[in-house]
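Labels below follow one simple rule: chain letters A, B, ... track the order of the sequence lines, proteins then strands, and each chain is numbered from 1.
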Amino acid sequence: MNYDFKTIEAKWQKYWAENQTFKASSPDPSKEGENIKPKFYVLDMFPYPSGAGLHVGHPLGYIASDIYARYKRHQGFNVLHPMGYDSFGLPAEQYAIQTGQHPAITTKTNINRYREQLDKIGFSFDWSREVRTSNPDYYKWTQWIFIQLFNSWYNNDTNKAEDISTLIALFEKEGNANVNAVSDEDILVFTADEWSAFDTKKQQELLLQYRLTYLAETEVNWCPALGTVLANDEIINGVSERGGHSVIRKKMTQWSMRISAYAQRLLDDLNTIDWPQPLKDSQTNWIGRSQGASVTFNVIASEAKQSHQIDVFTTRPDTIFGVSFMTLAPEHELVATITTPEQKQEVEAYIQATAKRSERERMADVKTISGAFTGAYAEHPFTKEPIPIWIGDYVLAGYGTGAVMSVPCGDQRDYDFAKHFNIPIPNIFEGVDISEEAFADKDKTVIANSDFLNGLPYKKAMKLAIYELEKIGHGKGKINYRLRDAVFSRQRYWGEPFPVYYVDGMPQMIDAKHLPITLPEVEKYLPTETGEPPLGNANVWAWCTKENKVVDNSEINNETVFPLELNTMPGWAGSSFYFNRYMDPNNTDAIFSDDAINYWQDVDLYIGGSEHATGHLLYARFWQKFLFDKGVVPKNEFAKKLINQGMITGTSAFVYRLVLTGNFGKNQEVETFHSEFYVSKGYTDLVLTDGNVVKKLKKQIGELYNDEKFSKDSILGVAQIHADVSFVNASDELDIEAFKNWRPEYKNAIFIGENGEVIDGDNDKYIVGREVEKMSKSKYNVVSPDSICEEYGADSLRLYEMFLGPLEQSKPWNTAGITGTHGFLKKLWRLYLDDDGAKFTEAAPTKDNLKTLHKTIKKVAEDIENFSFNTSVSTFMICVNELSTQKCTSKEILEALAILVSPYAPHIAEELWQQLGHTTSIATAPFPKFDASHLVESSKEYPVSFNGKMRFKLELPLDLSKEEIEATVMTHEKTIAQLQGREPKKVIVVPGKIINIVG
RNA sequence: GCUCGAGUGGUGGAAUUGGUAGACACGUUGGACUUAAAAUCCAAUGGACAUUAGUCCGUAUGGGUUCAAGUCCCAUCUCGAGUACCA
């Protein structure tokens with residue numbers, strides 16, 4: 001029997017599907033007290049089903065998680081290993097705009113293709129739990145969570161989200177003066193009586209300032225080309241992540257999520273989860289906590305003007321006496337008010353100039369110092385001296401208060417600004433020279449020229465400064481976060497509709513029992529002519545409060561029928577809780593049952609890419625914490641352990657085309673391609689010095705080039721052209737015919753091979769050049785898993801992807817190497833079966849057999865626990881090589897080996913398991929138990945080193961003492977030869993490890 | 001600029017607490033089998049010198065600690081990722 005992977009893999013994939021082998025059992029509370037299996041939840045980041053399908057890089061993480069899931073099943077766990085689709089998104093919508101095809105159709109087609117590809121790789125997913133974020137059954141719960149957020153506020157005293165009713169009760173009882181909540185800034189302070197006197201609309205307006213999701217006029221990142229708002233993490237280097245379009249700031253009324261309420265908890269709880277440090281670091285940076293003080297400066301009132309105050313945030317309140325000016329962002333709201341008539345022209349000109357520059361230009365051009373003096377002065381809170389107020393674009397409107405107290409001696413930016421505009425730079429540091437640059441080293445700081453702070457180091461000075469500021473009512477200690485509230489509205493069609501209608505301009509939630517509010521049909525997927533989002537095109541998009549359903553727009557009367565929200569939710573909405581929904585995905589009455597969430601709790605292992613560090617993974621943590629506060633989920637964090645798989649890059653193949661001048665260049669009928677060898681060695685010289693080649697060239701080209709014309713000068717250069725990697729074999733040799741068929745414009749091209757021969761049949765080989773690049777269609781280096789499965793089988797693919805290198809590392813794909821793991825599987829097969837059938841016997845295993853097996857059990861179990869899958873593949877290879885050499889036929893050994901291999905290569909393992917006589921799936925067969933007694937050695941081959949260099953090996957019994965070993969070694973003939981009569985200074989003996997002789 | 005990670009044969013990579021550097025594969029070369037090819041099997045394969053025995057060099061570079069360093073420490077270089085006027 002040969003290893004017929006095609007039949008085997010199809011057979012077992014069918015078996016698993018029919019028998020629902022990987023269906024996670026649901027907890028049955030009636031069985032409480034009985035022996036219920038412990039749970040284990042292994043999750044992959046669900047994919048967005050793009051039209052391009054999967055390439056070999058995509059399944060890497062899925063294979064790793066699948067191995068882990070299968071391993072856990074062998075260990076007796078009830079494993080939840082689901083898969084689904086993050087199926088709302090921009091590509092389907094853009095395709096709809098171009099073709100008119102409904103995004104739901106595109107999405108469905110793509111999902112089917114994904115499923116087909118995934119099925120071929122033999123994953124142990126529980127498909128009965130599949131979720132799709134674009135299904136109304138699913139986004140019903142996305143809308144439900146939105147309503148919960150709307151009905152909640154964040155209480156800083158209890159440090160958690162609470163129902164809005166508790167806030168209303170507080171307002172009714174005592175007003176809002178003492179409410180310690182996370183809210184908008186500058187909230188009207190009112191008493192209980194005032195609250196009761198407000199009309200409903202006013203009350204709603206006020207409550208909106210406290211809700212965890214709220215409507216606010218915010219400055220957003222507007223992308224005109226995409227016609228939508230983008231979140232900060234969707235902008236890379238000032239342009240949109242998708243398409244690279246420019247982004248401008250624009251004021252719009254938008255839904256926002258008060259994620260800032262959770263900033264500290266999101267930061268603190270990073271310590272409680274086992275996630276990669278770089279990912280934690282980037283979340284930490286993104287949250288950007290800085291500790292310092294907020295300081296209030298009074299603007300010195302001039303004549304008719306009323307007094308104003310400027311709040312600044314600083315991390316260096318200890319340097320308060322070093323302030324020699326203040327700088328406001330050009331967009332700061334006080335700029336217009338405080339600017340003196342004399343300076344008005346200059347300031348306005350400057351503001352205009354800055355507004356013209358895009359965000360990107362401002363970022364790119366950090367070096368140029370610019371600004372303008374407002375003519376106004378602020379009063380120093382301690383010295384009462386006047387401080388000039390400037391504006392400058394190095395101060396960002398979006399961070400802190402958009403204003404800074406400038407301390408040029410302690411901050412390089414302030415220093416540069418002061419130098420540029422000839423503002424004094426007072427020195428408030430003891431023994432520091434600031435004539436060249438600012439001094440920013442906190443640890444070495446000793447304050448001087450600063451009244452009550454003199455002589456103090458940074459920390460003490462900071463505390464005292466804050467204390468004194470509080471005493472005079474000019475400031476207080478403050479913690480500032482970079483993390484902004486997240487804009488939650490998108491002007492798109494293909495997303496979750498909000499369960500929101502508007503009465504008198506105020507948002508109203510539709511009662512949860514009427515969910516889902518499904519997406520309406522539209523004729524065009526573009527924004528309307530009046531600039532409204534695509535849902536503005538819908539005709540049936542109004543809410544009837546009588547019938548509690550969506551009705552035709554014509555019925556809107558603003559009494560019982562009201563307009564619905566036109567925005568949709570962003571991509572991250574649906575992906576922020578899907579891991580919980582998998583626990584009970586078909587529940588129509590609740591997001592999940594109590595039994596399900598109490599049993600499954602949280603994700604034990606989450607595998608996915610690091611690109612989601614500050615997007616999905618931050619928002620999902622936020623929603624989890626909110627749901628935790630509301631008592632919906634039992635865990636504060638949704639994933640205990642997370643692993644980022646690395647990217648698989650492509651290995652592009654290149655051919656090298658001679659670019660010729662003059663007459664040669666004009667006539668493109670004949671092209672010349674040179675082998676990589678020629679290019680790397682200096683092709684022009686070789687071509688023209690090797691008479692043979694020139695002669696052959698001329699003969700081939702015939703009349704086209706005559707002797708005189710063809711010279712070295714005719715060659716302009718060499719063009720690198722991508723060749724499709726499928727035309728290249730394991731030895732980097734190009735299939736020239738295939739290349740010519742693919743690129744007919746080169747059908748008359750001449751190929752010069754490795755040895756300088758003009759290729760004609762088998763006389764020479766054409767070797768392509770190789771380069772590692774991102775896997776992409778345009779580089780013709782995409783390898784699809786389907787073609788690999790077709791040629792080598794899913795088990796070979798799975799093993800090879802793991803064998804490539806450490807899971808978390810990025811590594812290049814090269815199809816050539818797969819013959820290694822494929823060959824291994826054939827060898828494995830032959831250990832069990834040959835042409836005559838079964839080879840295994842009931843024979844007792846030999847000592848060597850047992851040693852090999854248990855060595856393998858130990859290593860493989862350790863490797864899986866450490867996610868070191870690449871090394872366990874080589875361990876399998878070593879094991880099979882050894883057992884083959886030992887001619888092992890023992891069924892006992894081979895059964896255990898089949899189980900060991902099965903997480904990695906499940907199809908062949910199932911088949912061998914059946915051949916061994918089993919009638920049930922190998923999936924839950926207990927993992928072999930490691931027995932250390934088989935590995936006990938009685939002797940060790942010691943490496944004997946002289947001055948640290950290994951010279952020879954010596955087999956010695958392990959029970960020898962140090963002294964005995966030394967005595968034996970020193971009398972050994974090779975030792976004597978090495979020493980050549982010298983007396984060793986020292987002999988180091990580490991029993992069981994090494995012997996080192998010094999001297 | 002800052003933060004983090006990494007640099008080992010022709011290639012992917014191994015070396016888990018400092019203890020035989022290059023496991024396991026790919027590729028290459030040679031051989032067996034075959035009419036031939038494929039498949040399979042065997043052998044060699046870090047570099048230099050040497051007939052052999054063997055010697056020297058070698059984990060980005062330069063130092064250091066140690067009986068012993070790919071592994072620890074210091075400095076430098078290169079590459080990758082993230083982030084960026086964050087007050």
Side-chain angles (χ1 to χ4, degrees), chain A residues 2 236-237 276-286 288-290 292 312-316 319 327 329 362-363 365-367 369 392-396 398-407 410-414 416-417 440 480-482 610-611 613-614 644 646-647 651 730-732 770 772 799-800 803-806 808-821 823-824 826-827 830 859 862-863 866 868 870-878 881 941-953 977 984-990 992-999:
Chain A
N2 273 328
I236 308 290
N237 294 328
Q277 197 54 44
L279 196 154
K280 288 185 180 183
D281 289 347
S282 74
Q283 289 210 348
T284 304
N285 289 336
W286 194 259
R289 180 188 200 269
S290 44
V312 300
F313 174 74
T314 177
T315 55
R316 297 293 305 271
T319 63
T327 316
R362 263 170 84 166
M363 272 198 280
D365 185 18
V366 178
K367 292 272 141 57
I369 294 159
D393 68 0
Y394 82 96
V395 177
L396 304 176
Y399 183 77
T401 60
V404 300
M405 58 175 229
S406 304
V407 184
D411 183 287
Q412 194 58 44
R413 290 157 307 177
D414 295 344
D416 294 339
F417 195 87
N480 203 46
Y481 297 94
R482 198 186 87 116
S610 55
E611 67 274 19
T614 51
N644 291 131
M647 194 173 57
T651 316
S731 315
D732 289 350
R770 290 290 203 177
V772 172
L799 281 172
Y800 187 51
F803 189 56
L804 275 179
E808 306 194 43
Q809 190 178 306
S810 121
K811 54 226 167 231
W813 177 267
N814 191 341
T815 305
I818 199 166
T819 51
T821 54
F824 158 75
K826 287 196 218 171
K827 226 168 160 180
R830 278 198 307 277
K859 176 84 172 121
E862 282 170 3
D863 283 348
N866 295 324
S868 175
N870 54 327
T871 49
S872 39
V873 177
S874 36
T875 305
F876 288 136
M877 289 172 170
I878 294 167
N881 288 346
E941 197 178 35
Y942 280 93
V944 182
S945 302
F946 291 80
N947 297 319
K949 281 176 192 161
M950 204 278 289
R951 290 305 175 189
F952 65 91
K953 289 173 190 169
K985 284 190 197 126
K986 208 172 179 183
V987 179
I988 312 279
V989 176
V990 185
K993 283 221 160 140
I994 198 168
I995 299 155
N996 190 17
I997 297 164
V998 187

What's the closest nucleotide to the side chain of [X] if the choices are [options]?
| X | options | value |
| --- | --- | --- |
| L804(A) | rU40(B), rA87(B), rG12(B) | rG12(B) |
| R482(A) | rA84(B), rC85(B), rG12(B) | rA84(B) |
| T314(A) | rC67(B), rU16(B), rA87(B) | rA87(B) |
| A816(A) | rC26(B), rA39(B), rG12(B) | rC26(B) |
| Q809(A) | rC26(B), rG13(B), rA25(B) | rG13(B) |
| I988(A) | rC67(B), rC24(B), rC85(B) | rC67(B) |
| R951(A) | rA87(B), rU20(B), rC56(B) | rC56(B) |
| P812(A) | rU83(B), rC85(B), rG12(B) | rG12(B) |
| T871(A) | rU20(B), rC24(B), rA14(B) | rA14(B) |
| Y394(A) | rG12(B), rC85(B), rC67(B) | rC85(B) |

Taking the side chain from [X] and the backbone from [Y], do they hold a donor-acceptor pair closer than 3.5 Å?
| X | Y | answer |
| --- | --- | --- |
| N814(A) | A816(A) | yes |
| N870(A) | L804(A) | no |
| D411(A) | V407(A) | no |

Query raised in the report: Is any side-chain heavy atom of Y481(A) closer than 4.5 Å to a side-chain heavy atom of Y399(A)?
Result: no

**Report entry** Any side-chain heavy-atom pair of F803(A) and M877(A) under 4.5 Å
**Finding:** yes

Query raised in the report: Listed by chain and number, what are the side-chain hydrogen bond (donor to acceptor under 3.5 Å, both in side chains) partners of R289(A), not counting sequence neighbours?
Result: Q264(A)

Just to confirm, is there a sub-4.0 Å distance from OP1 or OP2 of [N] to any side-chain nitrogen or oxygen of [X]?
| X | N | answer |
| --- | --- | --- |
| K826(A) | rU40(B) | yes |
| N2(A) | rA39(B) | no |
| S290(A) | rA87(B) | yes |
| R770(A) | rC26(B) | no |

Within the structure shown, what part of the strands sits under 4.0 Å from [X] by heavy-atom distance: base, sugar-phosphate, or nothing?
| X | answer |
| --- | --- |
| K859(A) | base |
| V990(A) | base |
| N814(A) | nothing |
| K953(A) | base |
| T819(A) | sugar-phosphate |
| N870(A) | sugar-phosphate |

Atom-to-atom span, [atom1] of [X] to [atom2] of [N] - whole angstrom:
| X | N | atom1 | atom2 | result |
| --- | --- | --- | --- | --- |
| F313(A) | rA87(B) | CZ | P | 7 Å |
| I995(A) | rA68(B) | CD1 | P | 17 Å |
| N996(A) | rG19(B) | CG | P | 13 Å |
| M950(A) | rG54(B) | CE | P | 11 Å |
| N285(A) | rG1(B) | CG | P | 18 Å |
| E611(A) | rG80(B) | CD | C1' | 16 Å |
| F824(A) | rC26(B) | CZ | C1' | 16 Å |
| R289(A) | rA87(B) | CZ | P | 13 Å |

Report task. Might you work through the side-chain contact (heavy atoms from CB on, under 4.5 Å) test for F824(A) and L799(A), ending with a clear yes or no? Result -> CA-CA 10 Å; F824(A) 158 75; L799(A) 281 172; 3.7 Å; yes

Query - Between W813(A) and Y800(A), ring centroids under 6.0 Å - result: yes

Query - Each stem that RNA chain B is part of, given as range with range (3 or more consecutive Watson-Crick or G-U pairs, under 3.5 Å) - result: B:1-7 with B:77-83, B:10-12 with B:24-26, B:27-32 with B:40-45, B:46-49 with B:54-57, B:60-64 with B:72-76

Interatomic distance at [atom1], [N] relative to [M], whole Å:
| N | M | atom1 | answer |
| --- | --- | --- | --- |
| rG7(B) | rG62(B) | C1' | 16 Å |
| rU45(B) | rA53(B) | P | 12 Å |
| rC42(B) | rC33(B) | P | 15 Å |
| rU16(B) | rU71(B) | P | 13 Å |
| rG58(B) | rG46(B) | C1' | 8 Å |
| rU76(B) | rU66(B) | P | 24 Å |
| rC2(B) | rA75(B) | P | 14 Å |
| rU59(B) | rU78(B) | C1' | 16 Å |

Query raised in the report: Nearest heavy-atom pair of A613(A) and L279(A): which atoms, and what distance?
Result: CB-CG, 4.0 Å

Requested in this report: Provide the closest heavy-atom pair for M405(A) versus D414(A) in the form atom of the first, atom of the second, distance.
Outcome: O-OD2, 4.0 Å

Query raised in the report: Between the base of rU20(B) and the side chain of K993(A), is there any donor-acceptor pair under 3.5 Å?
Result: no

Report task. Please assess S290(A) against F313(A) for the test side-chain contact (heavy atoms from CB on, under 4.5 Å), listing each intermediate value before the final yes or no. Result -> CA-CA 10 Å; S290(A) 44; F313(A) 174 74; 3.7 Å; yes

Report summary line: Of S810(A) and T875(A), the one whose closest nucleotide on RNA chain B sits nearer the 5' end is S810(A)

Report task. State the syn/anti category of rG9(B) according to its glycosidic angle, syn meaning within 90° of 0. Result -> syn

